[in-house]
Amino acid sequence: MTNAPNTPNAPLPPLTVAVLGPGGVGGLLAALLSRAGHRVLCLAGEETARTLRTDGIQVRSALFGDFTASVEADTVLREPVDACLITVKATALEAALTRIPPTALGDALLVPFLNGVEHPALLRARYSPDRVAPSVIRVESTRLAPGLIEHGSPFAEIDLTGAKVPRPRLEALAEALTAAGPATRVLDDETTALWAKMSFLAPLALLTTRYGLPLGETRTRHREELASLVAETAAVSRACGAPADPAQTLARYDSFPPTTKSSMQRDAEAGRPLELDAIGGALLRAADRHGVPVPVTARIVRELRESAGGR
């Protein structure tokens with residue numbers, strides 16, 4: 001990555017960014033970065049890659065506008081890039097990583113935007129540990145079809161982390177992302193960033209999926225269970241070394257539109273594999289390691305596993 005000139009407000013040169021999994025989140029980021037002038041290479045299956053090469057990515061967004069962005073696309077990474085964003089679901093991670101051979105990745109930053117807290121260890125075992133930058137994105141964005149993205153939330157916020165990643169690399173990527181659209185910041189504490197999302201996501205995902213209800217009905221009809229899940233998740237987060245505020249989490253749920261659905265709930269409705277192990281399973285394993293009792297979480301996860309079957 002070329003360093004920016006040492007002058008005030010000097011723009012960074014364009015980056016080359018690979019996006020593994022150009023779905024709801026990846027497709028949105030790919031399109032925004034391309035529109036901002038960066039070279040974007042999407043990695044996907046042959047049919048999706050062919051569609052993206054021909055038609056680009058079309059975005060519908062009240063926040064960023066409606067636009068179409070041109071991108072390059074391939075089935076596997078074949079050349080050096082500045083950063084590779086991993087935006088697949090946790091259930092598809094192992095298979096998707098075959099598209100980014102370690103020898104091709106080289107010195108690139110590897111930036112996973114996955115739910116859960118266990119994936120950084122897997123990535124650091126396979127790639128250079130000092131280039132893995134576990135990060136968090138807060139957004140509601142859906143792939144309606146290959147190359148067609150609907151961004152529904154009035155926000156898109158990113159936290160970049162990576163204790164061993166050179167800070168200038170993170171800051172350069174954060175600047176590029178912010179200029180492209182999503183408000184992006186660099187945080188020092190990876191554990192806090194990942195558990196902050198887990199503490200919010202896990203209760204929402206588990207309970208809305210368990211009852212097949214949007215957030216509005218879930219937070220009223222199943223308020224006691226929701227509060228218990230929030231308290232248990234917060235206790236595990238604190239045991240792992242990250243702060244948590246159950247009252248603040250519940251207040252955030254109350255501020256969201258009543259029609260809000262979790263991504264796990266949408267996956268269940270569509271008959272897709274659930275990220276149950278990456279979210280609920282990881283939460284239970286962390287609780288077990290630290291001796292934190294989580295009876296309500298354990299019951300909800302067990303019931304979801306029974307109803308999900310092989311998904």
Side-chain angles (χ1 to χ4, degrees), residues 1 16-23 25-26 29 41-45 74-137 158-170 172-174 186-199 201-202 236-237 239-242 264 273-290 292 301:
M1 182 183 296
T16 297
V17 180
V19 177
L20 178 64
V25 170
L29 294 178
L41 173 61
C42 292
L43 303 174
D74 204 340
T75 58
V76 65
L77 183 65
R78 307 177 195 275
E79 60 181 284
V81 294
D82 292 305
C84 179
L85 313 184
I86 300 181
T87 54
V88 297
K89 293 290 185 75
T91 52
L93 180 60
E94 280 282 0
L97 289 180
T98 61
R99 301 191 190 281
I100 44 174
T103 52
L105 191 64
D107 191 47
L109 292 186
L110 196 64
V111 188
F113 290 103
L114 277 79
N115 292 326
V117 294
E118 296 178 337
H119 57 275
L122 182 154
L123 294 171
R124 286 179 173 132
R126 186 173 305 205
Y127 302 97
S128 298
D130 61 348
R131 291 297 181 265
V132 177
S135 300
V136 169
I137 185 166
I158 293 173
D159 292 337
L160 296 180
T161 72
K164 297 182 179 181
V165 177
R167 183 80 177 205
R169 298 286 301 273
L170 289 175
L173 181 58
V186 178
L187 301 183
D188 294 324
D189 192 333
E190 175 182 312
T191 299
T192 294
L194 293 177
W195 274 100
K197 181 169 184 180
M198 184 72 141
S199 296
L201 175 65
V236 176
S237 176
C240 291
M264 186 188 292
L274 304 185
E275 293 185 300
L276 185 55
D277 188 65
I279 298 173
L283 182 56
L284 293 180
R285 287 187 288 272
D288 184 62
R289 285 196 303 272
H290 294 281
V292 178
V301 171

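Heavy-atom basis, side chains included; hydrogens, waters and symmetry copies ignored. As the structure is a computational prediction, the values presented were derived from the model and not from experiment.
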Donor-acceptor under 3.5 Å ([X] side chain, [Y] main chain):
{"X": "T98", "Y": "A95", "value": "yes"}
{"X": "Y127", "Y": "I100", "value": "yes"}
{"X": "T191", "Y": "A242", "value": "no"}

For [X] and [Y], work out which heavy atoms get closest and say how close.
{"X": "L194", "Y": "P120", "answer": "CD1-CG, 3.9 Å"}
{"X": "A133", "Y": "P112", "answer": "O-CD, 3.4 Å"}
{"X": "A193", "Y": "T161", "answer": "CB-CG2, 3.5 Å"}
{"X": "L283", "Y": "A202", "answer": "CD2-CB, 4.1 Å"}
{"X": "R126", "Y": "P102", "answer": "O-CG, 3.8 Å"}

Heavy-atom side-chain proximity of [X] to [Y] below 4.5 angstrom:
{"X": "P101", "Y": "R78", "answer": "no"}
{"X": "L187", "Y": "T192", "answer": "no"}
{"X": "R124", "Y": "P134", "answer": "yes"}
{"X": "D107", "Y": "R131", "answer": "yes"}
{"X": "L29", "Y": "V17", "answer": "no"}
{"X": "R285", "Y": "V117", "answer": "no"}
{"X": "V88", "Y": "L20", "answer": "yes"}
{"X": "S237", "Y": "M198", "answer": "no"}

For a side chain to side chain contact (heavy atoms under 4.5 Å, CB included) with V19, tell me which candidate from L85, I86, V25 qualifies.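 Exactly one option meets the side chain to side chain contact (heavy atoms under 4.5 Å, CB included) with V19, and it is L85.
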
Could you grab the distance from atom [atom1] of [X] to atom [atom2] of [Y], nearest 0.5 Å is fine?
{"X": "R99", "Y": "L77", "atom1": "CZ", "atom2": "CG", "result": "11.5 Å"}
{"X": "L123", "Y": "L114", "atom1": "CG", "atom2": "CG", "result": "7.5 Å"}
{"X": "I137", "Y": "L160", "atom1": "CD1", "atom2": "CG", "result": "10.0 Å"}
{"X": "S135", "Y": "D159", "atom1": "OG", "atom2": "CG", "result": "8.0 Å"}
{"X": "L41", "Y": "T16", "atom1": "CG", "atom2": "OG1", "result": "9.0 Å"}
{"X": "L97", "Y": "L122", "atom1": "CG", "atom2": "CG", "result": "6.5 Å"}

Lys/Arg N to Asp/Glu carboxylate O, E190 vs K164, below 4.0 Å: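 Answer for the salt bridge query: no.
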
Quick one: do R169 and D130 make a salt bridge, cutoff under 4.0 Å?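 A salt bridge is absent here (no side-chain N lies under 4.0 Å from a carboxylate O).
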
